[in-house]
Amino acid sequence: MIYIIAGQTASGKTALALDFAKRIGGHIINGDAFQVYRGLDIGTAKPTKEEQSSVPHHLYDIVDIDQSFSIFDYQARARQLIDELLAKHVPVIITGGSGLYIRSVLFDYTFSPSRPVDMSMYLAMSSEERHRFLQSIDEESASKIHANNQRRVLRAIEIFLQTGRKKSEIEQDQKKTPLYPYVMVTLDQDKEVLAKRITTRVEMMFKSGLQAELTALLNHYPPTAPGFRAIGYKELLANPDLSEEQLTQLIALNTRQYAKRQNTFFKNQFHIHPFKTHDDALGFLLKKHEETHNNE
RNA sequence: GGAGGAGUAGCGAAGUGGCCAAACGCGGCUGACUGUAAAUCAGUUCCUUCGGGUUCGGUGGUUCAAAUCCGCCCUCCUCCA
């Protein structure tokens with residue numbers, strides 16, 4: 001059984017995962033796109049060293065900030081890890097806020113090994129032309145992807161060029177049921193409560209030395225490194241003239257908007273059990289764990 | 001006290017007689033999501049029983065018709081005293 005603790009950023013996932021893991025002797029697997037980066041500690045609210053050593057943690061700090069890391073890498077590493085742990089009957093707890101990453105592990109998402117293809121011709125097209133081209137090779141995908149969503153249109157074209165198959169066709173062939181049995185819990189704070197928590201958290205990040213962390217990292221990595229696209233870092237890099245107060249507001253705003261998108265994704269893409277409090281969620285998870293234990 | 005300028009939807013800001021419930025941006029809300037996902041994109045945003053109703057600082061006028069023109073009042077800004 002895989003336990004998934006998801007929810008919006010700053011909702012209290014880390015603490016819940018820690019408590020639950022300790023109670024059942026489980027291992028925690030990171031389900032967060034930016035906590036995989038070494039050095040991004042304060043801004044990503046990564047579990048502290050002490051927390052990480054109190055329970056086995058996986059897939060944290062596995063790549064450098066200037067390395068690219070994608071769902072493809074995540075899926076492969078997470079699945080391998082899950083298989084190993086389950087084989088040893090170790091309960092697996094995935095926690096994080098990157099819904100798509102978690103989905104790609106649980107469901108039969110298939111990513112073909114990437115083969116470089118020349119996209120320059122398509123990059124040069126207008127978005128209308130590009131969308132029309134996609135229509136000509138994969139009508140179904142074109143109908144699902146808005147012409148303005150250039151990133152997705154391009155990817156659908158790229159898939160076709162790399163594999164010779166339509167994106168829609170590849171997805172058609174995938175199993176629709178989860179690959180692993182799972183229970184998923186989310187922590188849902190009221191909007192106002194979450195907004196306050198986010199602001200407080202951003203203020204804390206500055207107090208803990210977010211600026212200094214970034215400055216130190218910039219001695220080793222270029223500001224364009226993939227890891228620096230994370231909220232909390234990208235704002236600092238893009239707005240060197242803003243005051244700490246203004247930056248706090250900007251980061252909090254971006255975080256709130258991100259939290260909203262997370263909420264939509266979890267609510268609509270998974271079967272979830274939502275809870276408002278840490279204790280309720282923990283109680284539910286423990287009960288679930290007991291049930292599955294008795295069935296084994 | 002005098003001279004100018006400004007007050008438009010949650011905020012910023014266009015509009016200066018009819019095509020205005022009012023462009024656009026931000027924020028808010030809802031949604032999509034299969035290799036950048038802490039990303040990218042879409043819809044929506046005065047009220048409504050969907051017939052309509054009530055708006056552009058306030059008020060009184062002019063006009064077939066006013067956010068737009070005129071009078072008075074209120075508030076804010078700049079300059080002169």
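Order of the sequence lines sets the chain letters (A, B, ...), proteins ahead of strands, with each chain counted from 1.
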Between [N] and [M], how far apart are the two [atom1] atoms, rounded to whole Å?
N: C79(B); M: G28(B); atom1: P; value: 36 Å
N: G25(B); M: G43(B); atom1: P; value: 11 Å
N: C56(B); M: G12(B); atom1: C1'; value: 15 Å
N: U49(B); M: G58(B); atom1: C1'; value: 33 Å
N: G17(B); M: A67(B); atom1: C1'; value: 10 Å
N: U16(B); M: A66(B); atom1: C1'; value: 10 Å
N: A23(B); M: C69(B); atom1: C1'; value: 23 Å
N: A22(B); M: A38(B); atom1: C1'; value: 37 Å

Over all strands shown, is [X] touching base, sugar-phosphate only, or nothing at heavy-atom distances under 4.0 angstrom?
X: Y101(A); result: sugar-phosphate
X: S68(A); result: nothing
X: G43(A); result: base
X: L100(A); result: base
X: R261(A); result: base
X: D32(A); result: base

Can you tell me how far [atom2] of [N] sits from [atom1] of [X], to the nearest Å?
X: F266(A); N: C33(B); atom1: CZ; atom2: C1'; result: 13 Å
X: I71(A); N: C33(B); atom1: CD1; atom2: P; result: 13 Å
X: F270(A); N: A32(B); atom1: CZ; atom2: P; result: 13 Å
X: N148(A); N: A32(B); atom1: CG; atom2: P; result: 18 Å
X: I145(A); N: G31(B); atom1: CD1; atom2: C1'; result: 16 Å
X: N149(A); N: G43(B); atom1: CG; atom2: C1'; result: 14 Å
X: E128(A); N: C41(B); atom1: CD; atom2: C1'; result: 14 Å
X: Y74(A); N: U34(B); atom1: OH; atom2: P; result: 18 Å

For [N], give its Watson-Crick or G-U wobble partner with both distances under 3.5 Å, or none.
N: C79(B); result: G2(B)
N: C46(B); result: G53(B)
N: U63(B); result: none
N: G25(B); result: C11(B)

Distance below 4.0 Å between [X] side-chain N/O and [N] OP1 or OP2:
X: Q150(A); N: U40(B); answer: no
X: T9(A); N: A38(B); answer: no
X: R152(A); N: U34(B); answer: yes
X: R256(A); N: G27(B); answer: no
X: K260(A); N: U30(B); answer: yes
X: K267(A); N: U30(B); answer: no
X: Y258(A); N: A38(B); answer: yes
X: K144(A); N: U34(B); answer: no
X: S98(A); N: A38(B); answer: yes

Under a 3.5 Å cutoff, is there a donor and acceptor pairing between the side chains of [X] and [Y]?
X: H57(A); Y: N30(A); value: no
X: E51(A); Y: S54(A); value: no
X: T255(A); Y: R201(A); value: no
X: K196(A); Y: T200(A); value: no
X: Y122(A); Y: E129(A); value: no
X: D118(A); Y: S120(A); value: yes

Along RNA chain B (nearest heavy atom to each residue), the more 5'-positioned of D73(A) and G97(A):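 Comparing both residues, the 5'-ward one is D73(A).
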
Earlier contact from the 5' end, RNA chain B, for P113(A) and Q262(A):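 Residue closer to the 5' terminus by nearest nucleotide: P113(A).
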
Nearest-0.5 Å distance that lies between atom CE in M184(A) and atom CD1 in I102(A):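 Atom-to-atom, M184(A):CE and I102(A):CD1 are 5.5 Å apart.
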
Please check this pair: side chain of [X] against backbone of [Y], looking for a donor-acceptor N/O pair closer than 3.5 Å.
X: H278(A); Y: D19(A); value: no
X: R79(A); Y: S104(A); value: yes
X: S243(A); Y: Q246(A); value: yes

Among C33(B), A38(B), G27(B), the nucleotide that comes nearest once only the side chain of K234(A) is considered: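 Looking only at heavy atoms from C-beta outward on K234(A), the closest nucleotide is A38(B).
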
Parallel, tilted or perpendicular: rings of Y3(A) and F20(A) (30°, 60°):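 F20(A) vs Y3(A) ring planes: perpendicular.
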
Base orientation of G52(B), syn vs anti, 90° cut from 0: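 For G52(B), whose glycosidic angle is more than 90° from 0, the conformation is anti.
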
Contact list for RNA chain B against residues 155-192 of chain A - heavy-atom distance below 4.0 Å: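 Contacting residues: R155(A), I159(A), K167(A), E171(A), Q174(A), K191(A).
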
